[in-house]
4 protein chains.
Amino acid sequence: MQGSSNRNGKQSEIRQRIIKTAQRLFVEQGYHRTSIPDIVREAGVSTGAIYHHFTNKKELAREIHQLALTEFLKRFKNHVESQPTFKEKLRAFVEMMFSWTETDPIMVQYLMYARPKEVVNTQMAICSEEGLDAVMCIIQAGIESGEIKEGNLYVHYGTLTGTVLRLIEIRMDGVIDFPLTEIIDETTANIWLALKK
Amino acid sequence: MQGSSNRNGKQSEIRQRIIKTAQRLFVEQGYHRTSIPDIVREAGVSTGAIYHHFTNKKELAREIHQLALTEFLKRFKNHVESQPTFKEKLRAFVEMMFSWTETDPIMVQYLMYARPKEVVNTQMAICSEEGLDAVMCIIQAGIESGEIKEGNLYVHYGTLTGTVLRLIEIRMDGVIDFPLTEIIDETTANIWLALKK
Amino acid sequence: MQGSSNRNGKQSEIRQRIIKTAQRLFVEQGYHRTSIPDIVREAGVSTGAIYHHFTNKKELAREIHQLALTEFLKRFKNHVESQPTFKEKLRAFVEMMFSWTETDPIMVQYLMYARPKEVVNTQMAICSEEGLDAVMCIIQAGIESGEIKEGNLYVHYGTLTGTVLRLIEIRMDGVIDFPLTEIIDETTANIWLALKK
Amino acid sequence: MQGSSNRNGKQSEIRQRIIKTAQRLFVEQGYHRTSIPDIVREAGVSTGAIYHHFTNKKELAREIHQLALTEFLKRFKNHVESQPTFKEKLRAFVEMMFSWTETDPIMVQYLMYARPKEVVNTQMAICSEEGLDAVMCIIQAGIESGEIKEGNLYVHYGTLTGTVLRLIEIRMDGVIDFPLTEIIDETTANIWLALKK
DNA sequence: AATGAATGAGTCTTCATTCAT
DNA sequence: GATGAATGAAGACTCATTCAT
């Protein structure tokens with residue numbers, strides 16, 4: 001019915017276990033410090049199984065990254081782009097990112113830094129070709145609609161994504177010890193004041 | 001005149017070469033992908049020399065990180081804290097970070113991400129105990145002096161550091177292809193609007 | 001029939017080859033002068049195979065030692081303890097040790113000195129907790145049965161094991177160039193005279 | 001007047017410190033586990049000093065061994081050979097070895113096992129060309145004088161040295177926890193009974 | 001004589017990957 | 001599809017030795 005990758009119409013359970021475990025370990029220890037034996041042990045699968053499902057370690061990481069990126073774009077499309085005004089889009093973006101962080105911190109962290117240069121060559125997913133474009137687009141649209149002031153697009157982009165990502169970062173680091181969802185409004189307000197006409 | 005570590009009154013030249021090379025390689029390839037043989041080759045020193053000067057690879061990275069952190073704090077103290085008002089401190093901060101990035105991108109990048117969890121357990125130096133405190137302090141002072149609005153300190157902190165660091169990030173990634181010094185004013189303006197009373 | 005460690009019901013042949021080779025090299029060159037590459041070369045196995053079968057070099061040595069000790073205890077039990085009188089036990093001990101030396105000099109030497117302090121902390125297997133106990137026991141029994149004179153147990157122990165081990169030692173060193181089996185009677189006689197009532 | 005190795009008529013103090021420290025470390029940890037840096041640290045001398053006084057590590061060990069062997073022969077000559085009868089020589093040998101062990105256990109241990117095959121190719125000093133000869137000689141003389149029975153010389157040699165060395169061994173191992181000097185008589189008695197006519 | 005920085009060959013060990021079963 | 005034994009290249013680190021000062 002929906003996306004599947006083997007003839008049973010369901011992602012092999014082993015494949016899922018590998019992905020889930022690798023994702024967690026890559027986030028916890030980093031890509032390089034996570035060995036295939038680590039994944040074998042924690043996922044309870046065999047070495048062969050990993051190589052049966054994925055070309056190699058890099059490809060496994062790339063696939064996990066792709067999954068996260070797809071998820072980001074889906075959420076962005078569904079929750080953010082669907083909003084009518086920039087102001088609403090902005091709020092939706094902050095809300096989406098913050099609640100996603102609270103819901104699936106591992107995946108968000110993966111998106112943010114568990115990706116080695118070998119896997120993707122950009123530092124942050126939201127800066128990936130597609131991710132960057134998506135955010136840039138709504139800024140561009142905001143300017144065109146007259147909602148936000150003109151100016152260097154990158155500065156606006158940096159203000160918007162920087163603020164959000166930085167807060168997620170210090171939340172993950174444990175500096176912030178309450179759910180980010182509590183500061184959606186305040187964060188949105190700051191960014192809005194920075195960008196609005 | 002001041003600090004030195006061998007009888008010649010200068011840090012051993014070999015030691016310097018190791019640090020410079022390791023710093024660059026750690027930034028270019030990451031800590032784990034940089035092998036001791038890599039450093040040996042690029043720095044033109046012997047394996048033994050590295051271990052003569054540093055306990056181990058981790059310690060080498062730690063020392064480089066410490067150097068960068070010290071430099072950050074020095075610059076922060078000299079250029080930022082010395083300013084009278086928050087607004088001026090803010091501009092000084094942006095200016096300091098942006099011009100430092102253009103002057104010594106390697107060191108700034110090192111500060112930003114070339115450090116594995118094993119070396120320092122914070123993701124960003126400006127978030128290191130001391131770095132965080134320093135920035136937090138000027139925000140706190142800004143609130144107390146009535147220059148900036150009250151509100152969750154972390155949100156203000158995230159807005160300020162996030163915007164600056166994110167711009168540095170995309171500059172390093174090559175997304176921005178002009179010197180950050182050109183957008184000091186605009187960046188300062190955005191942050192100021194976000195935080196001011 | 002009994003103990004096995006892979007599905008073929010036989011200890012992996014590679015594992016055996018590693019043990020045999022390491023045992024010989026440890027004896028020939030000593031533990032520390034025997035490198036893993038040495039074992040790899042001589043056993044015709046890969047580095048990885050060694051680490052697949054043994055935790056590390058130390059553990060490999062420990063296992064070999066354990067094997068030798070087990071063998072000693074088995075022989076001691078079968079040939080020596082089963083004898084009715086002390087005099088017969090004594091002769092059986094000398095005979096057992098001397099013929100074992102001629103049959104498997106490598107294993108006997110391993111038992112005698114190829115073990116670094118890190119691996120086992122006793123100097124000689126016959127001095128290992130169990131080995132010592134076993135010999136002490138027959139001496140004790142000999143005294144109790146009135147076959148041998150009373151006196152400091154250690155002196156008796158030293159006389160008995162010292163004489164035997166020393167002869168094995170100089171045989172291995174090449175000082176003695178005929179089979180020890182030729183001097184079983186004479187050796188037994190000396191010890192018997194020293195200890196008998 | 002007597003042996004000296006530098007123009008001041010006294011062994012350089014540094015040289016002595018190196019020898020004493022190396023001897024102790026070789027005994028405590030074995031030759032291979034003792035590194036030059038270890039000796040440098042513990043003796044408080046420089047690396048260069050060691051290489052100034054000794055050709056290399058092996059030579060240092062050899063020299064220490066030579067010292068111990070010379071000491072053995074001196075003691076053997078003075079205390080043992082000077083005795084008139086075999087019985088007295090025997091007692092003197094046991095006494096000499098046991099009290100030497102209690103007085104300078106490090107040197108005796110060095111003689112007994114702290115020598116790697118590279119340094120001397122015999123397992124025990126008393127088995128060294130000269131040491132062996134010396135002991136063999138008194139046995140031979142004992143036979144000729146009719147004090148001890150005829151028979152295989154090696155068996156007699158093994159009985160004599162084996163008993164003594166084995167007791168020293170288990171004393172060093174901590175199995176015997178009283179001074180060996182307390183068992184001089186008993187040990188002598190055992191050996192005497194084994195060998196006498 | 002003494003120092004200790006520098007060297008680099010060699011050590012143990014890990015780990016991504018393959019492949020016979 | 002799944003397994004895990006086997007491989008061997010590569011990594012971090014040690015240490016005997018040299019040599020300029």
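In what follows, chains are A, B, ... by sequence order, proteins preceding strands, each numbered from 1. Hydrogens, waters and symmetry mates are skipped; everything else that's a heavy atom, side chains included, is used.
The partner of F/dG4 is E/dC19, by the rule that a Watson-Crick or G-U pair needs both atom distances under 3.5 Å. When both distances must be under 3.5 Å, the Watson-Crick or G-U wobble mate of E/dA1 does not exist.
The backbone N or O of A/Ile106 lies less than 3.5 Å from no partner atom in the side chain of A/Arg24, so there is not a single donor-acceptor pair.
In this structure, CD of A/Glu42 is placed 14 Å from P of E/dC15, rounded to the nearest angstrom. For the pair B/Arg33 CZ and F/dA10 C1', the computed distance is 13 Å after rounding to whole Å. What separates CD1 of D/Ile39 from C1' of E/dG4 is a distance of 16 Å, to the nearest Å. For the pair D/Ile50 CD1 and F/dC19 C1', the computed distance is 16 Å after rounding to whole Å.
Within the 4.5 Å cutoff, no side-chain heavy atoms of A/Val108 are placed close to those of A/Pro105. When side chains are defined from C-beta on, A/Met112 does not count as touching A/Gln109, because their heavy atoms never get closer than 4.5 Å.
Seen from the ring of A/Phe26, A/Lys57 does not count as a face-on cation partner, given the 6.0 Å and 45° thresholds.
Checking C/Thr34 against B/Ala49, the closest nucleotide of DNA chain E that is more toward the 5' end is the one next to B/Ala49. Two residues, D/Asp38 and B/Asp38, neighbour DNA chain F, and the one matched to the more 5' nucleotide by heavy-atom proximity is B/Asp38. Taking for each of C/Ile36 and C/Gly48 the nucleotide of DNA chain E with the nearest heavy atom, the 5'-most of the two is the partner of C/Ile36.
Comparing atom distances between the A/Ser46 side chain and each of E/dA2, F/dT3, E/dA16 picks out F/dT3 as nearest. Counting only heavy atoms from C-beta on, C/His52 has its side chain closest to F/dA6 among E/dC12, F/dA16, F/dA6. Of the candidates F/dT3, E/dC15, F/dG11, E/dC15 carries the atom nearest the A/Pro37 side chain, counting heavy atoms from C-beta on. Distance from the side chain of B/Thr47 is smallest to E/dG8 among E/dT7, E/dT3, E/dG8.
Contact annotation: B/Tyr51 side-chain N/O to F/dC13 OP1/OP2 distance is under 4.0 Å. The side chain of B/His53 contributes an N or O atom lying less than 4.0 Å from OP1 or OP2 of E/dA6. In this model, the phosphate group of E/dT11 is not approached by any side-chain N or O of D/His32 to a distance below 4.0 Å at OP1 or OP2.
In this structure, C/Glu59 CD and C/His53 NE2 are separated by 15.0 Å, a value rounded to the nearest 0.5 Å.
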